[in-house]
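Only one structure is covered here, and it is reproduced in the block below.
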Amino acid sequence: MVTAGVLNIVKMLECWLVGIENTCSRIKLPHAVPVLIGRGPETQIVDKKCSRHQVQLTSDCSKGYIKVKQIGTNPTSIDSVDIGKDQEVKLKPGHVLHMVNKLYPYTVEFVKGQSDSKDQLKKCTSKRPHENSLNKSPETKFSKLQFNDVPDGNQRTNNSTAEQQQHTIQSENKGHWSQGLKVSMQDPKMQIFKDDKVVVIKDKYPKARYHWLVLPWQSISSLKALRSEHLELLHHMHAVGENIIRDHSSLSRAKFRLGYHAIPSMSHIHLHVISQDFDSPCLKNKKHWNSFTTEYFLDSQEVIDMIKLKGKVEVKDGTSELLKSPLKCNVCKVQQATIPQLKEHLKKHFTS
DNA sequence: GTTCTAGAAC
DNA sequence: GTTCTAGAAC
C-alpha cells in the first residue's frame, strides 16, 4: 500500500557517538535531544581534566550531523580545532571529536533505524580495537556502518566523498526536505481532516492567518502528472478545502483562495487553502509573496478547467520569473518597496 | 521548503 | 551605523 511504503522510506537514521580508541564506548543520541556527556561510566573517561558534563551533544538525524557544545573548561576539539567554552560546532561523519585536550577520540555514525541496538553492541564487543579505528581501508567497519544504505560496494573514506554519499543517502531515503509533506500528511497530530481520498493538514509555515493543505492519499508528484482521470479527485480536494474554510473560519469572514503553486518546491501534489490577509510572521520574502499573489498561484478551478479543456496542466514559460516580480499589494495593487513596508501596508486592509 | 549570512542598500 | 535581500547551504 502507498501508506506503508511512505512510512517505510521516511524512517529516520539512528545516531551513535562511537569511541575510536575505546570501541566499546557507543552512545546512542536520540534525534534533537540535547545529551550531556563527559567523565563517567558511559565513556569510561576518568581523567579529571574532563568535566562530567564536558559536552552537550544534539543529533540531527535528518541532516546527518550532531551539534557539539563545549560545556567544560578544558578544550574539546573537532579535527584538532578547539571548539571553545560555550561554543557550538557541527560534527559530521568522518570527522573526529576529541573530548578533552586532544584525548579520547570519538566519531559519529548514522545507521538505519531498523538495525537494533543489540546488534550494534554485539558487533562492538566482538571487534578488536584496531578494526574500528579510522584507517583508510575501504573495507573498514566504520565506512560500512556509516554508509550501509549505499547500494554498491564502491565506498571510500575520503571526507568529501563521504559527505556526498551522506547526501545521497538523505535524498535516496526520502529524508530530504522536499519530501516533508509526505511525512506530515501521515502524522495523525498534523491531520485536521481525512477521508478515504484526501487528508488536510495545517501548513507548517503558514503564510496567512489560515493556511491549510489538502493532499490526496494517491501519490501524484505534481501538477505535471495531472490528467483527466484525476478530475473527480481534484473536485473532491476543492470541496474538502471549502468545507474546511466553512468549519474553521466562518466567523472570521476571511477571504480565501484555493490553488496550486505552478512550480512547487515540495513533492506530492497539494492544494493550498489560504486566507488573503497574508498576516503571518512566516511570510518573509518576495518569493513567498509572489508565489501566492501572482499567476504563479493557479486557482484550483482554473486547474480543473484546464484539464477538462486540454487534458493536462500547461505552465506558461517564464512562470518561475514571476517570483522575482515587484511587490504589489494583493488588495489595492499599489507597489511596495520592501517586505516590511508591504507588511505595514497590508495592515490598512485588515478587517480586524 | 527554511535558515543563515555576506554584502547591497539605505 | 542598521535594514533588507538574495543566494548558498541544508
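Just so we're on the same page: letters track the sequence lines, and every chain starts at 1.
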Quiz prompt | Pair A:Gln301, A:Asp305: side-chain N/O donor-acceptor within cut-off below 3.5 Å | solution = yes
Practice problem: May I ask you to say what A:Lys207 touches in the nucleic acid, namely base, sugar-phosphate or nothing, with a heavy-atom cut-off under 4.0 Å? | Solution: sugar-phosphate
Quiz item: Under a 4.0 Å N-O cut-off, is there an ion pair linking A:Arg39 with A:Asp47?
Solution: no
Quiz item: Would you call A:Glu314 and A:Lys310 a salt bridge, taking side-chain N to carboxylate O under 4.0 Å as the test?
Solution: yes
Quiz prompt | Span of DNA chain B, from the first to the last nucleotide whose atoms fall under 4.0 Å of chain A heavy atoms | solution = B:dG1 to B:dT3
Exercise. Using a 4.0 Å heavy-atom cut-off across all strands, classify A:Leu181 as base, sugar-phosphate, or nothing.
Key: nothing
Quiz item: Taking atom types as modelled, is there a side-chain donor on A:Gln54 or A:Thr76 under 3.5 Å from an acceptor on the other?
Solution: yes
Quiz prompt | NZ/NE/NH1/NH2 to OD/OE distance under 4.0 Å, A:Glu109 and A:Arg26 | solution = yes
Exercise. Just say parallel, tilted or perpendicular for the rings of A:Trp212 and A:Phe256, cut-offs at 30° and 60°.
Key: parallel
Self-check item: A:Asp195/A:Lys197 ion pair, N-O < 4.0 Å
Solution: no
Practice problem: Could you check which residues of residues 273-294 of chain A get a heavy atom under 4.0 Å from DNA chain B? Sort them by number, please. | Solution: A:Lys284, A:His288
Exercise. Fit a plane to each ring of A:Phe292 and A:His272, take the angle between them on a 0 to 90° scale, and name the class: parallel (under 30°), tilted (30 to 60°) or perpendicular (over 60°).
Key: perpendicular
Exercise. Could you tell me whether A:Ser178 contacts a base, only the sugar-phosphate backbone, or nothing, with contacts defined as non-hydrogen atoms closer than 4.0 Å?
Key: nothing
